[in-house]
Q: 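Provided herewith is a single structure, encoded as structure tokens, for subsequent inquiry.
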Amino acid sequence: MSLEPFATSKPLTMGVELELQIVNRHDYDLMPGSKDLLRVMKGETLPGDVTPEITDSMIELCTNVCTNYEQVLEQLTITRDALVRSADKLNLGLSGGGTHPYQHWSKQRIFDKPRFQEISSLYGYLSKQFTVFGQHVHIGCEGPDHALRLLHGLSRFIPHLIALSASSPYVQGNDTGFHSARLNSVFAFPLSGRAPFVLTWDDFLVFFEKMTHTGVVKSMKDFYWDIRPKPEYGTIEVRVLDTPLTIEKASALAALIQCLARWISHDHPFELHEDDYLPYTFNRFQACRFGLDGTFVDPKTGEHRSLREDLNVTLHALEPHAVALKAEPALRYVREEMRWQGNDATWARGVVEKEQLLNELVRQQCERWAGRPVANTR
């Protein structure tokens with residue numbers, strides 16, 4: 001099986017996908033409501049799409065191709081509002097967050113779609129444990145070789161993006177000690193991790209043909225890499241972000257990735273090398289476990305500093321690119337988030353410390369996602 005041609009796309013355009021939790025309004029546990037929600041949504045005109053995900057208690061929304069931060073925010077707002085209206089009709093709640101704090105994976109049901117059933121047959125219980133929720137960001141590339149160079153350049157910032165987006169400290173009713181526990185579920189899949197270090201599409205085609213020859217993969221969908229090429233769209237897809245608790249943060253993170261992509265493409269701030277991946281797994285773990293306070297090992301110098309420190313330096317370098325992309329509000333949002341709480345995982349722990357109820361955490365998450373003021377019940 002050969003890989004499809006790399007499609008033409010406008011460089012640095014964006015597409016955003018968000019996986020959401022569907023919960024009941026009684027105890028705020030996950031609810032198999034995706035089919036009903038899709039039925040009620042049928043009459044809506046959206047700047048994107050809403051589709052099912054692997055289990056019945058998940059739903060995914062996506063934008064059309066966007067050129068800047070404001071466009072992403074506008075499209076996500078329209079689709080979010082339509083989803084919330086439909087969920088309200090069904091007495092359902094919708095929530096961001098990378099994991100549901102206390103759902104039990106064994107109770108989840110695989111959505112009746114051939115690919116999801118195939119995944120369930122192959123991966124067994126891991127498929128139901130894959131009831132986790134992420135944000136994916138597509139970035140348009142000028143060609144396949146550029147896509148691979150951009151993929152490996154952005155890989156340096158995977159820990160930073162994990163730390164900023166982390167919103168999954170609780171799993172199965174317990175505080176995991178991680179800021180992003182969601183990614184532990186993703187890492188369980190055999191074709192997760194990072195893409196192979198190749199810098200030309202011809203070399204990537206050789207790799208892909210070898211993999212398909214083994215019978216292990218049939219298409220790019222079989223790779224659960226942190227970043228992967230998407231030749232049918234002419235993009236690369238960044239896949240490590242937990243779903244944020246608000247569309248404002250989701251839009252800001254997408255714009256941050258767009259700024260990073262422009263910086264890497266225009267300024268070439270560092271040379272790409274296979275050895276850049278030597279501290280990759282360590283850096284990624286530090287981000288998942290400790291968030292912005294995690295240690296970052298510079299792949300070039302070997303210097304150790306916090307992710308927060310390295311991100312502050314990076315944000316300064318991105319300023320002219322944010323101006324060019326009209327993304328200054330997005331960078332301001334990220335800076336303010338770092339000063340205030342760092343990420344949504346820290347906010348969630350603060351709510352649980354105060355309320356002592358995971359149900360109340362999910363209720364507040366639903367209100368935040370809907371864009372409504374969070375009314376304290378105590």
Q: Donor-acceptor pair, T176 side chain versus P169 backbone, under 3.5 Å?
A: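 Yes: the side chain of T176 pairs with the backbone of P169.
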Q: Can you tell whether the side chains of E319 and R262 come within less than 4.0 Å, N to carboxylate O?
A: no
Q: Check this for me, if you would: do R349 and D175 make a salt bridge, where the nitrogen-to-carboxylate-oxygen distance has to be below 4.0 angstrom?
A: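 Answer for the salt bridge query: yes.
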Q: Report yes or no: do I162 and L307 belong to one cluster of Ile/Leu/Val/Met/Phe/Trp/Tyr joined by side chain heavy-atom distances under 4.5 Å?
A: no
Q: Rounded to the nearest 0.5 Å, what's the gap from CG on N174 to CG on L358? Could you check?
A: 8.5 Å
Q: Less than 4.0 angstrom from a charged side-chain N to a carboxylate O is my criterion; do R156 and D310 meet it?
A: yes
Q: Among residues at least two apart in sequence or on other chains, which ones pass salt bridge (charged side-chain N to carboxylate O under 4.0 Å, His left out) with E232?
A: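 Listed in chain order: K230.
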Q: What orientation do F285 and F178 show, parallel under 30°, tilted 30 to 60°, or perpendicular over 60°?
A: perpendicular
Q: Apply the test side-chain contact (heavy atoms from CB on, under 4.5 Å) to residues S155 and D226: give CA-CA distance (whole Å), side-chain angles for both, the deciding distance (0.1 Å), then the verdict.
A: CA-CA 8 Å; S155 290; D226 295 343; over 6 Å; no
Q: Charged N to carboxylate O below 4.0 Å: is that the case for D298 and R305?
A: yes
Q: Could you tell me the separation between the CD atom of E19 and the OG1 atom of T51, rounded to the nearest 0.5 Å?
A: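 Output value for this atom pair is 9.0 Å.
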Q: Check the pair I22, L94 against side-chain contact (heavy atoms from CB on, under 4.5 Å), reporting the backbone distance first and the verdict last.
A: CA-CA 5 Å; I22 304 173; L94 297 173; 4.0 Å; yes
Q: To the nearest 0.5 Å, what is the distance between CD (E328) and NE2 (H321)?
A: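 So the gap between those two atoms works out to 13.0 Å.
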Q: Just by modelled atom types, is the L272 backbone N or O under 3.5 Å from a matching donor or acceptor in the D276 side chain?
A: no
Q: Answer yes or no: is there an ion pair linking D88 with R372, defined by an N-O contact shorter than 4.0 Å?
A: yes
Q: Let me confirm one number: the OG-CD distance from S9 to E142, rounded to the nearest 0.5 Å.
A: 9.5 Å
Q: Please report the C-alpha distance between N343 and H179 in whole Å, then the side-chain angles of each, then the deciding distance to 0.1 Å, and finally whether the side-chain hydrogen bond (donor to acceptor under 3.5 Å, both in side chains) criterion is met.
A: CA-CA 8 Å; N343 57 36; H179 282 237; 3.0 Å; yes
Q: Do side-chain atoms of N283 reach the backbone of Y280 as a donor and acceptor pair under 3.5 angstrom?
A: no
Q: Starting from L241, can I reach Y333 by hopping between I/L/V/M/F/W/Y residues whose side chains sit under 4.5 Å apart?
A: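 No, Y333 and L241 fall in different hydrophobic clusters.
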Q: Do the side chain of S306 and the main chain of D293 share a donor and acceptor less than 3.5 angstrom apart?
A: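 Judged by distance alone, no pair lies under 3.5 Å.
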Q: Does NZ or CZ of R194 fall inside the cone over Y277's six-membered ring, less than 6.0 Å from its centre and within 45° of the axis?
A: yes
Q: Below 6.0 angstrom between ring centroids: does that apply to Y102 and H100?
A: yes
Q: Is there a path of hydrophobic side-chain contacts, each under 4.5 Å between heavy atoms, that joins V171 and L183?
A: no
Q: Using a 3.5 Å distance criterion without hydrogens, assess whether the side chain of N359 forms a donor-acceptor pair with backbone atoms of V362.
A: no
Q: Can you spot which of R363, E367, Q365, Q364 makes a side-chain hydrogen bond (donor to acceptor under 3.5 Å, both in side chains) with S95?
A: Q365
Q: Checking I264 against L154 for the side-chain contact (heavy atoms from CB on, under 4.5 Å) test, could you report, in this order, the C-alpha distance in whole Å, the side-chain angles of both residues, the deciding distance, and whether it holds?
A: CA-CA 8 Å; I264 292 166; L154 282 173; 3.8 Å; yes
Q: Return the orientation label for the H138 and Y233 ring planes: parallel under 30°, perpendicular over 60°, tilted otherwise.
A: perpendicular
Q: Are F290 and L311 joined in one hydrophobic group, where the rule is that I, L, V, M, F, W and Y side chains link up if heavy atoms are under 4.5 Å apart?
A: no
